[in-house]
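A short worksheet on the structure shown next.
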Protein chains: 2
Amino acid sequence: MTHPLQPASRAPQWPHGANANDPELEALVREIIGRIADKWTMLVIEALAERGCLRFTQLAAAVGGVSQKMLTKTVRQMEADGLLVRTVYPVVPPRVEYRLTEMGMSLAEAFCGVWLWAEQHRHVIEASRRAYQAQAEGEGESTP
Amino acid sequence: MTHPLQPASRAPQWPHGANANDPELEALVREIIGRIADKWTMLVIEALAERGCLRFTQLAAAVGGVSQKMLTKTVRQMEADGLLVRTVYPVVPPRVEYRLTEMGMSLAEAFCGVWLWAEQHRHVIEASRRAYQAQAEGEGESTP
DNA sequence: CAGTATCCAGCTGGATACTG
DNA sequence: CAGTATCCAGCTGGATACTG
């Protein structure tokens, strides 16, 4: 079972062994992840994955709490990355629709694992935070 | 093929239909995701998932490019969330070891889907960016 | 070794006003 | 309607110096 040429205690528990030691690939993946993991991108993906196709104002309402500036910036970035398509209808008043590409939908699916994880562990995380907080306060108690 | 009671064009493509409309849960999940998706947390998780157990300096080297301040902040946060355990050995010079908890490892697995996605799509994303960039430059060309 | 403390430049992103 | 333009407060995070 153990491989003689590979120390068992250092076996990759990170589920994708292939790229773990490749610094170039890691830098690229890091940049992509950093980009998709920003505050609004995932929420835009979720909104569009749920509703299919939305206009700018509808998208803003679906995301919730996003400023015009940030929504514009986010969707432009996502368009450049090929995660969504932006369709401008030459009418007055303007009408612009946003829809996920296939790649955008596949990202929604890939991110589903993290979403489920967060859902499943949130109570444990919150309990852990409270315990940590309580302990930290207990330690500083001797000097009131 | 099409379901008569459910408009096909609005069918939920987001793979977890259960929580999609729950604003409370969404706020919590959003906060958790925002936390784990910061610049260093995922890299710390990757480093520890790969190597098992590391001292502070080893961890800094494995993550790469992180300042002492940010690494301290990140691991403290992760400790509070229950993603890793921090073991201090009362020796001189100090020795502190970091190791993922089971929850931390499960997060590494959950995030694997996103990692693979990024790996698989990076060439498409880069091509898309170049195309977008080229088009944007072509449009502003008439006024040099 | 594994931090803490301090300073500060630069980015982020909200608010507001304006426009084709 | 779907943006753009501008201003600016606040947070982020790097650099540096210091310490039990």
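Residue numbers start from 1 in every chain, and the chains themselves are labelled A, B, ... in the order their sequence lines are given, proteins ahead of strands. Basis for what follows: all heavy atoms, side chains included, without hydrogens, waters or symmetry-related copies.
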Heavy-atom side-chain contact between L84(B) and V44(B) under 4.5 Å:
yes

For the [atom1] atom of [X] and the [atom2] atom of [Y], what is their distance to the nearest 0.5 Å?
X: D81(A); Y: M103(A); atom1: CG; atom2: CE; result: 7.0 Å
X: R55(A); Y: T87(A); atom1: CZ; atom2: OG1; result: 12.0 Å
X: R130(B); Y: Q133(B); atom1: CZ; atom2: CD; result: 11.0 Å
X: L59(A); Y: W40(A); atom1: CG; atom2: CH2; result: 11.0 Å

Can you give me the first and the last nucleotide of DNA chain C (5' to 3') that has an atom within less than 4.0 angstrom of a non-hydrogen atom in chain B?
dC1(C) to dC7(C)

Determine which nucleotide pairs with dA15(D), using a 3.5 Å limit on both distances of a Watson-Crick or G-U wobble pair.
dT6(C)

Nucleotide paired to dG20(D) in any strand shown, Watson-Crick or G-U, under 3.5 Å
dC1(C)

Specify the residues of residues 67-83 of chain B, ordered by number, for which at least one heavy atom lies under 4.0 angstrom from an atom of DNA chain C.
Q68(B), K69(B), T72(B), R76(B)

Please report the shortest heavy-atom distance between A108(B) and A49(B), naming the atom on each side.
CB-CB, 4.4 Å

Scan Y89(B) against the nucleic acid and name what it touches under 4.0 Å (heavy atoms): base, sugar-phosphate only, or nothing.
nothing

Should the ring pair F56(A) and Y98(A) be called parallel, tilted or perpendicular, given that the plane angle runs from 0 to 90° and is split at 30 and 60?
tilted

Please assess E109(B) against W117(A) for the test side chain to side chain contact (heavy atoms under 4.5 Å, CB included), listing each intermediate value before the final yes or no.
CA-CA 9 Å; E109(B) 276 181 53; W117(A) 180 93; over 6 Å; no

